[in-house]
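This is a predicted model, so every value here is computed, not measured. Hydrogens, waters and symmetry mates play no part in the numbers below; they use all other heavy atoms, side chains included. Residue numbers start from 1 in every chain, and the chains themselves are labelled A, B, ... in the order their sequence lines are given, proteins ahead of strands.
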Amino acid sequence: MQIRPTTTEKIAKFIIWTISILVVLLLFFIVTFILIKGIPTLTWEFLTQNPASSGREGGILSTIVSTLLVTMVAIIVATPFGVGTAFYLTEFTHESKATRIIRFSAESLAAIPSIVYGLFGFIFFVIFLKLGWSVLSGGLTMAVMILPTIIRTSEEAILSVPAQYREVSFSLGGSKWQTITTAVLPSAFPGIATGVILGIGRCVAETAAVILTAGSSIHMPNSFFDPARTMAVHFYIMAREGISMERAYGTAALLVIIIFFINLMANMIVNRFVAKSR
Amino acid sequence: MSKPSKIIARNLNFHYGEKQAIKNLNLEISANEIFALFGPANSGTTTFFRALTRLCDLDPHTKVEGQILLDGKDIRDADVSVTELRRKIGMVFEEPTALPMSIFDNIAYGLRLSGIKDKNLLKERVETALKLTVLWEEVKDRLDTPALRLSGGQQQRLCIARTLAMSPDIIVLDRPCAALDPISTLKIEESLQLLKNQFTIIIIPHSIQQAGRISDKAGFMLYGEMIETGPTRELFTNPKDQRTNDYITGRFG
Amino acid sequence: MNIKKEKNLRRAFFFIALSTLSVLAIITLFIFFEGIPLINKVGVFKFLFGMKWAPSQGLYGIFPMIIGTLSVTLGAALIGVPVALCVSIFLTEFAPKQIRMFMRSTIQLLAGIPSVVYGFWGLTFIVPFIRDYLGGPGLSILAGSLILAIMILPTIISISEVSLLALPGLYKQGSLALGATHWQTIWRVLIPAAKSGIMAAIILGIGRAIGETMAVIMVLGNAVALPNSILDPARTLTTNIGIEMGYASGDHQQALFATGIVLLVMIMILNSAAQYIVRKK
């Protein structure tokens with residue numbers, strides 16, 4: 001006996017709707033669980049005090065600062081290289097063996113597990129360059145890690161700029177540099193910014209690579225050469241060692257909120273730009 | 001007495017990779033007239049513009065042989081600055097390409113590229129350019145609004161104004177009215193008639209009718225070859241070549 | 001003058017692009033440089049297929065971890081892939097616009113949440129659930145697979161959604177015009193047409209599962225023994241590094257780098273496969 005197509009359609013639709021709804025509910029559950037458990041801890045004191053007695057007491061100020069510093073180093077280093085590579089691939093060269101190799105390495109970099117970046121950062125920045133466990137080592141490791149994200153999003157953004165914009169600039173006597181800065185960059189900017197913001201998100205969320213390169217010192221870093229503990233690492237240690245569940249949840253909730261706002265910002269930049277030019 | 005030739009092409013050959021897009025082209029265009037370069041699709045008209053403006057340099061697969069002389073000077077000589085050349089030859093594309101910025105910034109775009117920063121000068125040149133394309137009255141109160149909000153016809157006149165603002169010697173227009181409605185087309189054609197006193201204009205018309213309406217001289221191209229050139233009226237009423245006749249009378253194309 | 005400037009500009013950008021390439025080379029070089037001596041010392045075969053990992057006794061066999069990685073990843077793929085495909089079909093074919101926008105941002109958020117948070121959530125909910133209802137210690141391959149299945153959803157959903165959206169609308173119209181139902185169109189026309197994109201999405205998702213460390217550390221139990229069932233604890237290649245890197249030194253540290261080599265090779269093979277599939281199209 002053959003099942004009628006319309007029956008199959010009904011069953012398939014039912015399954016797809018159910019699973020999709022369940023997935024959304026699950027995601028919601030994960031997020032609200034963290035928020036409900038953590039938000040009560042998120043007081044002004046918690047955010048502005050340094051941790052005390054290895055995290056059992058006090059707040060998380062030093063980990064917030066550490067996260068900011070590591071992220072800053074990563075973004076400052078990765079953005080020019082990432083955007084520059086994207087511009088080279090799109091504006092300065094035509095499809096060739098060289099571009100294929102560069103693109104392949106960017107794709108491969110994107111696939112490398114974060115723990116391997118941790119190993120690399122440890123042996124290269126911490127040991128070989130003698131930077132020790134430090135904000136700098138952590139930031140540089142993260143810079144390498146987010147490089148492919150920035151390259152890919154920037155490349156997409158640049159490619160989506162209509163070719164005519166470039167021709168207009170050239171036909172009016174614009175040089176290559178002028179064409180890139182005045183005709184391509186403004187239109188590609190939101191996409192590039194989105195890539196950078198997503199890179200920030202990855203820096204904030206990363207644990208494995210950071211713990212091996214920036215260390216896990218709970219103290220406030222005084223310079224870029226001091227070891228540091230980012231919020232994600234702090235959460236990991238607190239939760240795994242069962243030091244203070246309350247404070248672990250608080251840290252996790254703050255992380256989720258930050259990631260939420262980072263995503264919001266990325267979406268807003270894109271929408272705002274689309275609205276502005278039309 | 002005949003006017004001196006502004007542009008002379010001599011034995012021009014143009015290759016896109018394997019494909020030859022222009023075959024042994026010879027052409028003379030005088031100053032202060034409208035020259036219509038027409039022919040069916042892929043006949044090499046647009047390619048000629050790209051060779052003339054050297055926009056083809058951007059594509060490494062192209063190869064140019066022969067000469068294009070502008071005021072007697074080969075545009076591909078080593079001492080010719082490409083940017084200077086392109087400022088001298090304003091190009092208008094088939095698709096209206098307003099850039100995603102305000103109307104004012106669009107017109108001032110090329111001027112700024114050439115290093116003009118003086119605000120009053122920019123304002124003056126923008127106004128002049130907009131008046132030349134009869135767009136001024138329509139947009140003078142909203143120069144700050146995004147140019148992409150203008151209608152297609154207005155955008156195309158904006159693009160013409162943008163090239164005019166550079167005070168070029170020559171304006172080349174590649175099917176500027178192909179995407180436009182008849183009324184916008186008429187407006188553009190009118191302003192071209194006014195402009196020819198100051199500029200040399202070469203246009204690839206989107207139809208034979210347009211070529212007949214607006215041009216003083218015309219050249220018919222087919223598959224990369226220049227079949228015939230001459231004063232438009234003569235070419236249209238009494239073509240020497242059978243192929244020109246066939247095309248004009250609508251037998252093909 | 002002008003031409004020279006342009007040339008220098010191109011050269012500058014070329015060197016920037018070259019640095020990206022060299023980064024990959026440096027990473028590979030340093031990891032291999034650190035790990036290879038130990039592999040030579042132990043022997044490739046004994047390292048890859050050795051059953052015993054006891055750094056204090058100088059025994060470095062990572063076979064149980066290879067099995068651990070493969071089984072957790074397989075589990076994650078078996079659970080995660082069908083779910084992700086359902087959701088991407090839902091997003092492209094069924095979801096009303098508002099719901100679609102909402103789900104997209106939720107999934108985006110999901111992709112950004114730190115993996116440790118997932119691990120911890122798994123530790124709080126999934127692990128006790130397995131322990132109480134299915135038996136065993138709870139910390140298990142099943143728990144790891146479930147967490148990874150959730151974590152790879154965003155990767156697979158977003159990439160396969162893109163490839164489904166990229167299909168020309170005519171495919172769908174053509175099929176519907178022939179009298180096919182919506183579902184027949186999806187199943188027989190759209191999915192086959194987007195196959196290469198979906199395959200790439202799955203492979204990249206699997207790559208993410210293999211590479212994940214912190215979430216897995218928290219729910220897998222990390223025992224270095226060959227697991228007998230999906231309810232047994234296990235250790236993956238990544239967790240091996242994550243757990244022991246903190247205190248390892250000498251040969252032991254090198255052995256962890258050697259583990260990294262194995263991981264790197266696995267990922268490179270997968271990644272090349274994904275790129276090959278995408279390009280073949």
Side-chain angles (χ1 to χ4, degrees), chain A residues 5-6 8-9 12-13 15-17 19-20 23-24 26-27 30-31 33-34 81 84-85 87-89 92 101-102 104-109 111-116 118-120 123-124 128 144 147 151 175-177 201 205 207-208 212 232 235-236 239-240 252 255-256 259-260 262-263 267, chain C residues 2 5-6 9-10 13-14 16-17 19-21 23-24 26-27 30-31 34 83 86-87 89-90 94-95 103 105-110 112-118 120-121 150 153 181-184 204 207 210-214 218 238 241-242 245 256-257 260 263-264 267-268 270-271 275:
Chain A
T6 44
T8 332
E9 166 141 333
K13 264 189 173 172
I15 293 173
I16 285 177
W17 270 91
I19 286 182
S20 300
V23 166
V24 172
L26 180 70
L27 304 187
I30 297 176
V31 173
F33 165 73
I34 300 291
F81 281 98
T85 303
F87 268 109
Y88 178 75
L89 288 174
F92 284 95
I101 294 173
I102 291 171
F104 177 81
S105 33
E107 294 284 332
S108 305
L109 281 178
I112 292 177
S114 59
I115 189 86
V116 175
L119 284 179
F120 163 72
I123 203 69
F124 189 71
F128 184 72
V144 177
L147 193 61
I151 293 176
S175 68
K176 185 90 193 172
W177 181 246
T207 316
L212 294 183
F235 169 75
Y236 170 69
R240 187 136 188 268
L255 278 170
V256 170
I259 298 292
F260 176 76
I262 285 176
N263 284 346
N267 291 340
Chain C
N2 224 327
K5 242 186 185 164
E6 204 124 293
L9 193 65
R10 177 190 297 270
F13 274 88
F14 175 69
I16 290 174
S19 65
T20 309
L21 185 67
V23 160
L24 181 68
I26 293 174
I27 291 178
F30 269 80
I31 304 267
E34 275 300 297
V83 172
C86 280
V87 175
I89 292 169
F90 178 75
F94 296 118
M103 271 181 82
S105 44
T106 323
I107 288 164
Q108 199 187 2
L109 178 63
L110 184 76
I113 289 179
S115 55
V116 276
V117 171
Y118 284 106
F120 185 66
W121 180 82
I150 299 175
L153 286 180
T181 65
H182 191 185
W183 175 249
Q184 282 173 324
L204 290 175
I210 290 180
E212 179 48 45
T213 314
M214 299 324 254
M218 294 174 119
T238 53
I241 304 170
M245 206 38 212
L256 297 179
F257 276 87
L263 203 53
L264 204 54
I267 290 291
M268 286 300 171
L270 267 180
N271 186 50
Q275 291 200 37

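In this structure, C:Phe120 has its ring center at least 6.0 angstrom away from the ring center of A:Tyr236. The aromatic ring centres of A:Phe92 and C:Phe14 sit 6.0 Å or more apart.
Nearest heavy-atom pair, A:Asn267 versus C:Gln108, reported as atom, atom and distance to 0.1 Å: ND2-OE1, 3.3 Å. Closest non-hydrogen pair, A:Ala252 versus C:Val117, comes out as CB-CG2, 4.2 Å. Nearest heavy-atom pair across A:Ile16 and C:Cys86 is CG2-O, 3.6 Å. For A:Ile30 against C:Trp121, the heavy-atom pair with the smallest separation is CG1-CE2, 3.6 Å.
By the ring pair (Phe, Tyr, Trp, His ring centres under 6.0 Å) test, A:Phe81 is found to be paired with no residue, residues two or more places apart in sequence or in another chain being considered.
Residue contact with chain A, scored on non-hydrogen atoms closer than 4.5 Å, involves the side chain of C:Ile150 exclusively. Looking at A:Phe128, only its side chain comes within 4.5 Å of chain C, counting heavy atoms on both sides. Only the side chain of C:Leu263 comes within contact range of chain A, with heavy atoms under 4.5 Å apart. Residue A:Ile262: no heavy atom, backbone or side chain, is found under 4.5 Å from chain C. Using a 4.5 Å cut-off between heavy atoms, A:Ile151 touches chain C through its side chain atoms alone. For C:Ile31, the part lying near chain A is the side chain, with the backbone staying farther off; criterion is any non-hydrogen pair under 4.5 Å. The parts of A:Val116 that come within reach of chain C are both its backbone and its side chain, each placing non-hydrogen atoms under 4.5 angstrom from that chain. Using a 4.5 Å cut-off between heavy atoms, A:Leu147 contacts chain C through its side chain alone, with no backbone atom that close.
No other option in C:Pro114, C:Gly207, C:Ala95 has as many heavy-atom pairs under 4.5 Å with chain A as C:Pro114.
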